[in-house]
K.L.:
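Have a look at the structure that comes next, please.
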Amino acid sequence: MAAPAALEAMAAAAALRRAAGAGTQTRGIVTHTGPPRPRGPLPRTPWTTRGPPPEVLSRRAERRPVREQVELDAVTYVGRQHRVPGLARPRFPAWQRGWHDPWHSPGPRYEDMALRKERGCFVCHQRVRMLEGVRQAQWLTKTKLVQGLPPSVLSIVNDPAHQLQDQDEAVHRAIAHARLWETTEVSPSREKYCPVLFEDLIHLCRLMTMKYPSLAKRMLARNYRIAAVWERESFLLQVRGLNGILMNSVAPIPPVASKEEILATEEHVLETFYPISPTIDLQEVNVYRELNDTGFRDGYPYPHPHTLYFLESASVRPDRFRPEQLRAKMLMFAFGNALAKARVLYGDDPKVLEQPIVVQSVGTDGQLFQFMVFQLNTTDLVSSDGIKNLVWIDSDQNLYEKAQCVPEVKKRVVTKPAGIYGFQPETFKKFLALYLHGAV
């Protein structure tokens, strides 16, 4: 029995030797090794140095003829009246109503619209966030910036006669009402407490009506639309659409700057930000109407703009304007309201105004306040030379540092009770001074 087994082993060994002459065996698979690949650089031949000859390239570049494709009719499930997998979806012609329905009409093409113009117009609306902030708004409105509030407003701030009785305590209660008492939630959102705080502060300002009866001749307007058009160098610009809450008055605010200060603005040089375009972030449109409108009809009993309020009440931080962007927005819309009123009073011709128009603006997110006073001196805005407009800005004024909605407890001991911390009464004094400006 051992002899046949030895013969089989010898035959298997011979078969392996024969396979080894033709290749190698790896896990039962015979692979042909062939000559080893060169590990150094390729030999220098015409093919490796200059590439293949042109005739070889031309033969390789020849494309095979494409067979003519015959278009076949798609087989649809239109006759079945229900969807069938594997069959194409039927296409029907557009249904014609036979009459014009404005709610279901595609409308004309942009090229065929009556208001289409070849020259583009750069529009500033309420959602525009300017990259360069106030500097960009200064160039667009031809305005000189003065830090701080004007002397006429500061005199109201520093005069104790223009303040409420127990003013600090009343303002503190208003903040606590908006941040702690208005809602049953543990911590109210900014969308809730920011409008409530604004209404409470305006209510405190209205208490001065008993002392100054002219304050009763004012009106708050919401959801009104402004439109103002002007040219700045080679750009056509426009401010339009919804913006903040406007307080109108029967009488305008008197000019803040004297004639000497207005004439001194001729020497001011506007700051540029080359290579950034001054119209960056503005929306360019071709379908527009060059309209100047204050947003109110003729005969409105409160025709003069007084103060524009902006509430940044979005709870999500990316949806809120940064302070610099908010100040630029305040400047653009204060300028737009003043320019629209100047067009009504003095016409569309560019000129230096005999009686400058003053519009104030206040912006807040429920804690941080921005104050602005804008004076429109000229409507000649094409060139950067000549008299410029003026703006006074007092920025980043905190009304309070923190509202502690939930008390801090450490080791079962209340270390910081709920309440308002870091109250700064000077901020409300400025808020009240802008409200009283023009009446005292």
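What you are looking at is a predicted structure, and each value in this text was computed from that prediction instead of being measured.
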K.L.:
Side chain to side chain contact (heavy atoms under 4.5 Å, CB included) with Lys144: which residues, sequence neighbours excluded?
P.N.:
Thr265, His268, Leu390

K.L.:
Would Asp101 and His104 count as having a side-chain donor-acceptor pair, cut-off 3.5 Å?
P.N.:
yes

K.L.:
I need the full list of side-chain hydrogen bond (donor to acceptor under 3.5 Å, both in side chains) pairs touching residues 106-120, with sequence neighbours left out, sorted by first then second residue.
P.N.:
Arg119-Glu231

K.L.:
Suppose we screen for ring-ring contact (aromatic ring centres under 6.0 Å, His included). Which residues come up paired with His162, at least two apart in sequence or across chains?
P.N.:
Tyr212

K.L.:
Quick check: does any side chain N or O of Asn158 sit under 3.5 Å from a backbone N or O of Leu154, one acting as donor and the other as acceptor?
P.N.:
yes

K.L.:
What class does the angle between the rings of Phe431 and Phe198 fall in, given that below 30° is parallel, 30 to 60° is tilted and above 60° is perpendicular?
P.N.:
perpendicular

K.L.:
Listing request: all ring pair (Phe, Tyr, Trp, His ring centres under 6.0 Å) pairs with a residue in residues 379-429, at least two apart in sequence or in separate chains.
P.N.:
His172-Phe423

K.L.:
According to salt bridge (Lys or Arg N to Asp or Glu O under 4.0 Å), who are the partners of Glu185, at least two apart in sequence or on a separate chain?
P.N.:
Lys192

K.L.:
Do Gln367 and Glu401 pair up side chain to side chain, a donor and an acceptor below 3.5 Å, judged on atom types alone?
P.N.:
no

K.L.:
With a 4.0 Å cut-off, would you call Glu169 and Arg173 a salt bridge?
P.N.:
yes

K.L.:
Taking the six-membered ring of Phe321, is the NZ or CZ of Arg129 close enough (under 6.0 Å from the centre) and on axis enough (within 45°)?
P.N.:
yes

K.L.:
Ala338: which residues meet the side chain to side chain contact (heavy atoms under 4.5 Å, CB included) condition with it, sequence neighbours left out?
P.N.:
Ile357, Val359, Phe374, Leu376

K.L.:
By side-chain hydrogen bond (donor to acceptor under 3.5 Å, both in side chains), which residues pair with Thr272, not counting sequence neighbours?
P.N.:
none

K.L.:
Got more than 12 heavy atoms from elsewhere within 6.0 Å of CD, Glu266?
P.N.:
yes

K.L.:
Could you check whether any side-chain N or O of Asp281 sits under 3.5 Å from a backbone N or O of Leu131, counting only pairs where one atom can act as donor and the other as acceptor?
P.N.:
yes

K.L.:
Charged N to carboxylate O under 4.0 angstrom, Asp365 versus Arg190?
P.N.:
yes

K.L.:
Please collect all side-chain hydrogen bond (donor to acceptor under 3.5 Å, both in side chains) contacts where either partner lies in residues 219-230, sequence neighbours excluded, each pair once.
P.N.:
Glu199-Arg222, Tyr224-Asn243, Tyr224-Asn337

K.L.:
If the condition is salt bridge (Lys or Arg N to Asp or Glu O under 4.0 Å), which residues does Lys329 pass it with, not counting sequence neighbours?
P.N.:
Glu312

K.L.:
With Asp396, which residues qualify under side-chain hydrogen bond (donor to acceptor under 3.5 Å, both in side chains), at least two apart?
P.N.:
Arg327, Gln370

K.L.:
Between Gln136 and Ile280, is there a donor-acceptor pair closer than 3.5 Å when you use the side chain of the first and the backbone of the second?
P.N.:
yes

K.L.:
Any side-chain to backbone donor/acceptor pair from Lys402 onto Gly422? Under 3.5 Å, distance only.
P.N.:
no

K.L.:
Taking side-chain hydrogen bond (donor to acceptor under 3.5 Å, both in side chains) as the cut-off, I'd like each qualifying pair that reaches into residues 286-302, sequence neighbours left out, listed once.
P.N.:
none

K.L.:
Can you tell me which residue pairs pass the side-chain hydrogen bond (donor to acceptor under 3.5 Å, both in side chains) test with a partner in residues 407-420, sequence neighbours excluded?
P.N.:
none

